[in-house]
Amino acid sequence: MTEPDVVKGPGTGRWSVVAERVASLKNLLPLLRMVWASGRGVVVANLVLRLVAALVPVAVLAVARWIVDGVVAAVGAHQGMTPQLARLVALEFVLAAVGALLGRLIQYFNILLAEKYTRHASLQLMDHASRLDLATYEDPSFYDRMERARVQATDRIVTVEMIARFLQQAVTTVSLGIGILVFSPWLLLGIVICLVPAAVAEARFGARIYALNFRLTPKRRELDYLRQLGASKESAKELKIFGLSPFLRHRYEQLSGELLGELVTVWRRAIGGLSMLSVLGVLGYYGAYAFVVYEAARGELSVGSLAFLTGAIVAANRTFQEMFSTAVGIADQSLYLKDLLSFFSLKPTIRSGERALKVPRPIRQGFEFRNVTFKYPGRVEPVLQGASFHLRPGERLALIGENGQGKTTIVKLLMRLYDPTEGQILLDGVDLREYDIEDLWREMGVIFQDFARYDMTAADNIAVGRIEQRGDRALIEESARKSLANTVIDRLPGGYEQILGRRFEGGVDLSGGEWQKLALSRAYMRDAQVLVLDEPTAALDARAELDVFTHFGELARGKMALLISHRFSTVRMADRILVLTGGRIVEEGNHEQLITLGGRYSTMYELQASRYR
Ligand SMILES: Nc1ncnc2c1ncn2[C@@H]1O[C@H](COP(=O)(O)OP(=O)(O)OP(=O)(O)O)[C@@H](O)[C@H]1O
């Protein structure tokens with residue numbers, strides 16, 4: 001898996017934080033591209049509406065100025081209400097109404113854009129996640145990144161809304177600024193000089209908070225896990241019986257205390273300085289205010305101009321501050337975007353080559369493991385060491401060995417969920433890496449030991465074995481019969497349409513063995529050339545197991561079947577058995593041969609058989 005450079009945590013030095021903040025702004029571009037792709041019309045409508053709305057405040061103030069000057073003149077001339085004044089008041093009303101209307105429309109387009117973007121980003125996230133290597137999922141730091149990306153894929157629309165808001169605020173501020181500039185450039189300069197330091201300090205503070213949050217992600221993930229564990233159906237029984245709740249509670253308290261402590265430290269360090277700078281900003285604003293009142297009192301400004309300027313100073317001050325805090329927010333968000341982008345930059349290494357071959361139909365020579373050694377990423381010890389064996393067409397091969405000897409790993413390698421560290425896996429004499437990976441997976445009917453339980457209908461739980469055939473009820477029912485899942489489904493109140501699991505309203509949970517029968521039907525949904533069953537009957541009772549295997553024997557006829565089981569009653573049906581110990585294949589043969597050999601297999605067999613005598 002390639003590690004993108006953007007994945008590094010943020011720096012902690014003062015300047016590196018600022019530099020990083022500036023550099024991270026480039027992250028906005030891919031985000032904007034995503035937003036643009038998710039709904040162009042909505043983006044344009046949003047921007048145009050905001051541009052118009054941005055000019056409303058300055059227009060309102062300008063009209064107010066004419067009104068006030070008109071009133072003063074009318075009072076002086078004893079004219080009373082003039083038609084001109086009435087028109088100006090009406091205009092003011094129209095402007096206010098347009099402002100309110102635009103506000104609503106902008107809100108509508110925001111919601112629309114948020115939904116469209118969330119949909120687009122979530123789909124991209126799902127697509128990308130599905131392409132990643134299995135190994136990626138087994139890397140704990142990946143979870144942190146995935147979690148951050150998952151939250152961000154949907155939350156980042158806030159950034160987009162902020163950018164749009166920033167543009168609107170900028171146009172408003174500039175238009176008000178021009179209004180002030182026309183009266184006095186110095187006035188404007190004074191206000192700006194007082195506000196800038198606060199804004200810069202806030203920007204730096206934001207970067208520090210981001211650095212902190214980045215560091216805290218693993219802790220937050222553990223907190224989430226503890227919270228979930230403390231209230232989950234799966235763990236409820238054990239938590240009660242083992243009295244684990246105080247232990248979890250203590251761990252939660254401890255971790256969340258550490259988290260809080262770090263947050264408080266960063267805030268405490270910064271809050272004094274930030275407050276002082278805010279006071280400086282207020283000083284600039286009131287200084288300008290006092291100057292304008294002073295000028296008006298001296299008769300240098302008309303009352304209308306006084307009204308305009310005080311209004312403009314108040315409004316400009318507010319929008320300028322808002323603009324800055326929005327800008328800080330955008331810079332913050334752009335830092336967070338790194339996680340989303342770094343997630344999208346993860347590349348799978350296990351994929352089809354340029355000129356990938358189709359898997360032969362029928363497979364003629366079968367699979368060959370040639371001196372395969374395999375180490376899981378991050379592990380020192382190899383799980384498999386120089387494993388060599390064949391799986392030939394029409395053959396039922398069983399793998400046996402104690403826990404953790406590498407049986408499931410062999411299955412994962414056979415399906416190319418991982419590539420060998422050394423050695424080769426061949427299919428019909430050609431390296432597995434040469435084949436089109438999706439075509440290879442299509443030829444595999446597999447049930448893993450830790451098969452997934454989908455909180456969906458019973459029919460869908462079977463159909464996932466070949467989702468293109470989801471509408472083919474006859475095939476689904478046929479597969480259910482083959483795995484004996486039909487006996488389970490017939491007892492469900494909703495039959496094939498029964499929602500399983502407890503997550504959704506009306507869902508029905510199944511026993512471990514019942515789930516297993518359902519999962520087994522998935523393998524039968526496919527017309528696969530290879531059947532792989534990894535402890536397919538571990539949760540089945542003895543009778544069900546016998547039935548399942550009698551069926552399996554017939555179904556696997558003419559196909560290659562790889563079987564993992566700890567039950568010798570199952571294993572002995574295989575044509576050939578491989579015994580795995582310490583990552584090596586130590587014995588090979590059929591049941592009778594291995595018993596005659598009197599080695600490890602026969603010892604394990606005797607151990608199990610003796611319990612039944
Ligand atoms: N993703 C992984 N990352 C690191 N180590 C792993 C991973 N998966 C399995 N292992 C380790 O590899 C070894 C073999 O695991 P494997 O699942 O292949 O054993 P197994 O023979 O199928 O065991 P069992 O009978 O318990 O199912 C174990 O020591 C296990 O801890």
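Indexing begins at 1, ligand by ligand and atom by atom, following the structure's order. The shown structure was predicted, so the numbers you read here are calculated from the model rather than taken from an experiment.
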Protein heavy atom at shortest distance from atom 17 (O) of ligand 1: T408 CB, 3.5 Å
F568-H591 aromatic ring centre distance below 6.0 Å: no
For atom 31 (O) of ligand 1, closest protein heavy-atom neighbour: R379 NH1, 3.7 Å
Numbered atoms and elements of ligand 1 in range of Q449, under 4.0 angstrom, heavy atoms: 27 (O)
Parallel, tilted or perpendicular: rings of F374 and Y376 (30°, 60°): perpendicular
N461 and its side chain to side chain donor-acceptor pair (under 3.5 Å) partner, picked from R522, Q498, R453: R522
Atom 1 (N) of ligand 1 [closest protein heavy-atom partner, distance rounded to 0.1 Å]: E138 OE1, 2.6 Å
Minimum heavy-atom distance between T408 and I564, given as atom pair plus value: N-CD1, 3.9 Å
Sub-4.0 Å atoms of ligand 1 with respect to non-hydrogen atoms of H566: 25 (O)
Ligand-side contact atoms (ligand 1) for residue partner Q405, heavy atom cut-off under 4.0 Å: 19 (O), 20 (P), 21 (O)
Heteroatom proximity flag, V383 to ligand 1, N/O under 3.5 Å: no
For E535, the ligand 1 atoms whose distance to one of its heavy atoms is below 4.0 Å: 25 (O), 27 (O)
Worked check of salt bridge (charged side-chain N to carboxylate O under 4.0 Å, His left out) between K407 and E535: CA-CA 10 Å; K407 303 183 293 296; E535 294 192 38; 5.3 Å; no
Identity and distance of the protein heavy atom lying nearest atom 26 (O) of ligand 1: N403 ND2, 3.0 Å
Residue and atom name of the nearest protein heavy atom (relative to atom 15 (O) of ligand 1), distance in Å to one decimal: T409 OG1, 3.7 Å
Closest protein heavy atom (residue, atom, distance) for atom 25 (O) of ligand 1: K407 NZ, 2.8 Å
Contact with ligand 1 for G401, non-hydrogen, under 4.0 angstrom: no
Euclidean distance, R600 CZ relative to I400 CD1, rounded to 0.5 Å: 11.0 Å
Neighbour count >12 (heavy atoms, 6.0 Å) for atom CD, Q449: yes
Proximity of F367 and H390 rings by center, below 6.0 Å: no
Rounded distance [0.5 Å steps], CD in E477 versus CG in D472: 10.0 Å
Identity and separation of the nearest protein heavy atom to atom 23 (O) of ligand 1: G404 N, 2.8 Å
For atom 10 (N) of ligand 1, closest protein heavy-atom neighbour: Y376 CE1, 3.2 Å
